[in-house]
Amino acid sequence: MFHMQLEWLNTLKPNFKVLPLKERMLCGLGALLGLALSSLISWWLLGGINAWYIAPMGASSVLLFAVPASPLAQPWNIVIGNTIAAVIGVTCALYISNLTEAFSVAVALSIILMMTTDSLHPPSGAVAITAVLGGETVHELGYQFVFYPVLLNSILLLVIAIVFNRLLGKQYPTVAQVNTRSTDPTPTQKVTIQPEDIHQVLAQETQLLDISEYDLQKLILKAQAQADTRFHIDLRCRDIMSKDVLCLYEDEDIQVAVEKFKQVNLMSLPVLNRAEQVCGTLALYEVVEWFQKATDLRTSWQDQVKHIMKRQVVTVQPDQELQDLIPYFVERSFNYIPVVENKALVGIISRADMIAALYRLLQHR
């Protein structure tokens, strides 16, 4: 019986991810810093006059620091949504004498206008009520209430949220483009689900979903990639890699690198140290840029490969499955990927190698 009651209670819970303890603590810390700092800055800006905070900012901090990816937590929503609600709330307080009617109408109109301007922000409903039920102090402010505390508090809290989330490595505000190189769908999207497909499906929905269209696209593509892992590619990196690798050494002269680039049809080459370990990669465009700066005395000492190479290199193991490499060639336009074993270079896999392997797989199927 008790078990059945627990199951019934579970039906009332949202299908929501519970973050690890560390993430939950960081969300709380963000709200603490956001509210405290914005309140202190408000007090400082106004010289200690009327330095008070409104309760709806606490609700806004939940969105800004706990669910910053939500469409309801974006900068447009908190600034425009709160401003609209404050203006309507003050107007209703001035012209509707019955308080119940005033705050009911204020919230209703705020919802309609926020949805019309795509600025829906749930705490704004509380802003509208505060404008009506805030007491004599709020009523004396009149439309000044819109600018302070509402707009000032909203902007300060927003700025702190942007800084805090980015320090944690979170993209806030949400980036509105999945393909950063082009307005076209990514190569993966072209052969699976495209943004336009998602847009058309969402256009048919009659209710708002608390997830942005762009995040939905990313999740669907990740789910597609996860599903694709169930269809194994039998080939491994060692099966298709080129073992006779032309490479550069970090202490080689850049002029030597130019001669080596002439020998191969690759846009970049791996760079090794004298222990034969991969330590970087050098692209042809970086050599071109070096030649353009060759007359600059400030860079004249940069005459070796190590001076202009990139030190961050993506590598794979010989026994790694080829499907692990596909995102790098398709989404990030890699020309090749070094294959290393015990930190030593044992081969490379070029884009041509991958195309040939996938063509072989298609023929097999």
Side-chain angles (χ1 to χ4, degrees), residues 169 181 186-188 191 221-290 302-365:
R181 302 193 309 271
T186 66
T188 300
V191 295
L221 289 175
K222 286 182 180 179
Q224 180 70 55
Q226 181 66 29
D228 290 343
T229 61
R230 293 195 290 271
F231 301 95
H232 294 291
I233 298 175
D234 296 327
L235 294 174
R236 304 277 173 167
C237 290
R238 67 168 70 254
D239 298 323
I240 70 165
M241 70 183 187
S242 301
K243 298 179 182 178
D244 183 17
V245 181
L246 182 65
C247 57
L248 304 170
Y249 287 92
E250 63 176 349
D251 56 359
E252 281 185 327
D253 191 88
I254 296 175
Q255 298 287 353
V256 175
V258 173
E259 295 302 318
K260 289 188 176 182
F261 270 113
K262 291 180 181 179
Q263 301 176 36
V264 292
N265 188 25
L266 288 175
M267 299 301 292
S268 60
L269 287 171
V271 181
L272 309 183
N273 55 29
R274 289 303 170 179
E276 301 295 323
Q277 297 175 335
V278 178
C279 62
T281 181
L282 182 66
L284 184 57
Y285 78 87
E286 291 168 326
V287 177
V288 173
E289 289 179 350
W290 176 81
Q302 297 179 348
D303 57 356
Q304 292 184 328
V305 170
K306 63 184 177 183
H307 295 142
I308 63 173
M309 71 180 187
K310 281 189 170 59
R311 298 185 180 274
Q312 293 183 337
V313 189
V314 173
T315 61
V316 293
Q317 299 291 321
D319 290 327
Q320 204 161 335
E321 294 182 350
L322 287 190
Q323 63 190 22
D324 295 343
L325 282 62
I326 292 175
Y328 294 104
F329 287 106
V330 174
E331 301 296 333
R332 298 175 61 179
S333 299
F334 275 32
N335 293 294
Y336 74 94
I337 299 180
V339 184
V340 300
E341 191 169 28
N342 297 324
K343 297 184 178 181
L345 182 71
V346 295
I348 67 168
I349 296 177
S350 68
R351 187 182 297 168
D353 295 326
M354 285 294 295
I355 293 173
L358 294 174
Y359 177 66
R360 173 181 162 186
L361 180 66
L362 288 173
Q363 285 184 316
H364 178 72
R365 287 186 174 177

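Here the shortest heavy-atom pairing between Ser268 and Ala283 reads CB-CA, 3.6 Å. When all heavy atoms are compared, the tightest approach of Leu282 to Val271 is N-CG2, 3.8 Å. Listed here is the closest heavy atom pair of Gln323 and Glu321: NE2-OE1, 2.8 Å.
With rounding to the nearest 0.5 Å, the separation of CG in Leu284 from CE in Met267 is 5.0 Å.
Side-chain contact of Tyr336 with Thr281: a donor-acceptor pair under 3.5 Å is present, judged by distance alone. Side-chain contact annotation: Gln304 with Tyr249, donor-acceptor N/O pair under 3.5 Å absent.
Side-chain contact check for Leu322 versus Cys237: some heavy-atom pair is nearer than 4.5 Å. A heavy-atom distance below 4.5 Å is found between the side chains of Glu286 and Lys310.
In this structure, Arg351 fails the cation-pi test against Phe334, since its NZ or CZ atom is not both closer than 6.0 Å to the six-membered ring centre and inside 45 degrees of the ring normal.
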* Go through the steps for Val339 and Ile349 under the test side chain to side chain contact (heavy atoms under 4.5 Å, CB included), then give the verdict. => CA-CA 7 Å; Val339 184; Ile349 296 177; 3.8 Å; yes
* Asked: Stepwise, does the side chain to side chain contact (heavy atoms under 4.5 Å, CB included) test hold for His307 with Glu250?
  -> CA-CA 8 Å; His307 295 142; Glu250 63 176 349; over 6 Å; no
* Asked: Step by step, would you call Gln277 with Leu272 a side chain to side chain contact (heavy atoms under 4.5 Å, CB included)?
  -> CA-CA 5 Å; Gln277 297 175 335; Leu272 309 183; over 6 Å; no
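Checking Ile337, Leu325, Ile240 one by one against Asp353, the side chain to side chain contact (heavy atoms under 4.5 Å, CB included) holds for a single residue, Ile240.
The closest donor-acceptor contact from the side chain of Glu259 to the backbone of Val256 lies at 3.5 Å or more, if one exists at all.
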